[in-house]
Amino acid sequence: MPSVVPFRKSCQVPSQRDIDAFREALAAEIRRIRIEKGLSKTELSNRSGITRQAIRMIECGERSPSAVTVWQLAGGLGVALSDILSRLP
């Protein structure tokens, strides 16, 4: 599991390190849930409306998904958006 960067309660702009850590944690959490649910990337694509290629790029940390995309993935995974976000730094 990726290292967790402490959440900053201030209004600071996140550093690139923080952004990279968040992206890595989000990717790992989406992948963990998908595998736990026994879904392939193709099945998640069909359920969420997000292309298989986009899912691959998100899970590999090559792409930062929008909030709407994460919401769609959560729906495809059958979990609440808060279930994904609550485990992130």
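Along the sequence shown, the residues carry numbers beginning at 1.
Residues Met57 and Ile19 fall into different hydrophobic clusters, defined by Ile, Leu, Val, Met, Phe, Trp and Tyr side chains chained together at heavy-atom separations under 4.5 Å. Cluster annotation: Leu26 and Val79 are assigned to the same hydrophobic cluster (Ile/Leu/Val/Met/Phe/Trp/Tyr, side-chain heavy-atom contacts under 4.5 Å, transitive).
To the nearest 0.5 Å, the span separating CG on Asn46 from OG1 on Thr51 amounts to 11.0 Å. One finds the CD1 atom of Ile30 at 8.5 Å from the CG atom of Leu44 (value rounded to the nearest 0.5 Å). Between the CH2 atom in Trp71 and the CG atom in Leu85 there is a gap of 12.0 Å [rounded to 0.5 Å].
Evaluation of the side chain to side chain contact (heavy atoms under 4.5 Å, CB included) rule for Ser45 yields Arg52, Ile55 as partners, not counting sequence neighbours. In this view, Ile35 and Arg31 satisfy the side chain to side chain contact (heavy atoms under 4.5 Å, CB included) rule, not counting sequence neighbours.
Residues Ile58 and Val70 form no side-chain contact, since every pair of their non-hydrogen atoms from C-beta on lies 4.5 Å or further apart. Put simply, the side chain of Lys41 reaches to within 4.5 Å of the side chain of Glu59, judged on heavy atoms.
Salt-bridge check for Glu43 with Lys37: failed, with every basic side-chain N at 4.0 Å or more from each acidic carboxylate O.
Closest of all the heavy-atom pairs between Leu73 and Ser48 is CD2-OG, 3.9 Å.
Looking at Asp83, its side chain does come within 3.5 Å of a backbone N or O of Ala80 through a donor-acceptor pair.
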* Verdict with reasoning, Ile33 to Ile84, per side-chain contact (heavy atoms from CB on, under 4.5 Å) -> CA-CA 9 Å; Ile33 295 170; Ile84 293 174; 3.8 Å; yes
Show me the donor-acceptor pairs within less than 3.5 Å that the side chains of residues 60-67 make with the rest of the protein, sequence neighbours left out.
{"unit_1": "Glu62", "atom_1": "OE1", "unit_2": "Arg56", "atom_2": "NH2", "d": "3.3"}
{"unit_1": "Glu62", "atom_1": "OE2", "unit_2": "Arg56", "atom_2": "NH1", "d": "3.4"}
{"unit_1": "Ser64", "atom_1": "OG", "unit_2": "Arg23", "atom_2": "NE", "d": "2.6"}
{"unit_1": "Ser64", "atom_1": "OG", "unit_2": "Arg23", "atom_2": "NH2", "d": "3.3"}
{"unit_1": "Ser66", "atom_1": "OG", "unit_2": "Val68", "atom_2": "N", "d": "3.4"}
{"unit_1": "Ser66", "atom_1": "OG", "unit_2": "Thr69", "atom_2": "N", "d": "3.1"}
{"unit_1": "Ser66", "atom_1": "OG", "unit_2": "Thr69", "atom_2": "OG1", "d": "3.1"}

